Amino acid sequence: MSTRALFREDAYLTHCEASVTAIDEQGIHLDQTVFYPLGGGQAGDAGTLALADGTVIAIADTRKAKFEGATPDDAVHVPAPGQEAALAKLAIGAKVRAEIDWERRYRHMRLHTASHLICAVLPYPVDGCSITSEYARLDLATVEPIERERVEARLSELVGGAHAVSTEWITDDEMSARPELVRTMSVKPPMGLGRVRLLRIDDVDLQPCGGTHVRNTGEIGGLRIAKLEKKSARTRRLVLELA
Ligand SMILES: [Zn+2]
């Protein structure tokens, strides 16, 4: 039932052809997919699966599949409510065209890349993060005051600087030898596949990340800090929105 995670190599793929490998209470499993499953703080993708006969199944969410021997790449496509009639036409082995809600995903990509810029501007450990199409929320483990204007100005510089964003791979052993690369306390590096993907923003940031990102910081566009608050004695919460 293993899934080939096409978004890992190319986050800009909006659709792919795939075969149904299983259908169970979790949802629909495919041999390959462009749908990103909820993880690393980033929301799962929504979209559609279209059958050859024109039947369309609305997908509300994508999650990591749970089964014996599942890898972090194994995804399950969760049908939206009310899809029973369409689902009845789906069989194992069926060919489908899997297409993500690109508008929503592109916002995830812009906000996720922006959250890496935050790591560069505010180099505190991240103690929780959530990236949706509406906002990126980061909990930073610090007691230092955070100046909204200074952070917004620095983010604007980094977006305007049009830094290239790229990925590279290292082995699990190399990752274990470089713990300083890990910024997030709450999200473990995506290990277990024998290799870990690093996300590099030229001259700005380098950290393990399996999420989807834009190719250049210039694509992020305007950003604003919608909320900045003390979450606990040791944590500051920052909510970032696309301007
Ligand atoms: Zn990331």
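The structure presented is a predicted model; accordingly, all values stated were derived computationally and were not measured. In what follows, residues are counted from 1 in the order of the sequence shown. In listed order, ligands and their atoms are each counted from 1.
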> Does any non-hydrogen side-chain atom of Gln42 lie less than 4.5 Å from one of Thr212?
yes

> Taking 2.8 Å as the limit, list every protein N, O or S atom around the Zn ion (ligand 1), by chain and residue number.
His112 NE2, His116 NE2, Cys209 SG

> Using the rule given for salt bridge (charged side-chain N to carboxylate O under 4.0 Å, His left out), can you reason through Arg183 versus Asp205, listing the C-alpha separation, both sets of side-chain angles and the distance that settles it, and then say yes or no?
CA-CA 10 Å; Arg183 305 295 183 73; Asp205 187 61; 3.0 Å; yes

> For Arg148, I'd like to know if atom CZ has over 12 heavy atoms of other residues, nucleotides or ligands within 6.0 Å.
yes

> Please identify which of these residues, Glu168, Arg8, Met175, meets the side-chain contact (heavy atoms from CB on, under 4.5 Å) condition with Arg197.
Arg8

> List the atom pairs, with distances to 0.1 Å, where a side-chain N or O of residues 84-100 and a protein N or O form a donor-acceptor pair under 3.5 Å, not counting sequence neighbours.
from  : atom 1 : to    : atom 2 : distance (Å)
Lys95 : NZ     : Ser19 : OG     : 2.9
Arg97 : NH2    : Glu99 : OE1    : 3.4

> With a distance cut-off below 6.0 Å to the six-membered ring centre and an angular limit of 45° from the axis, does Arg236 pair with Tyr124 as a cation-pi contact?
no

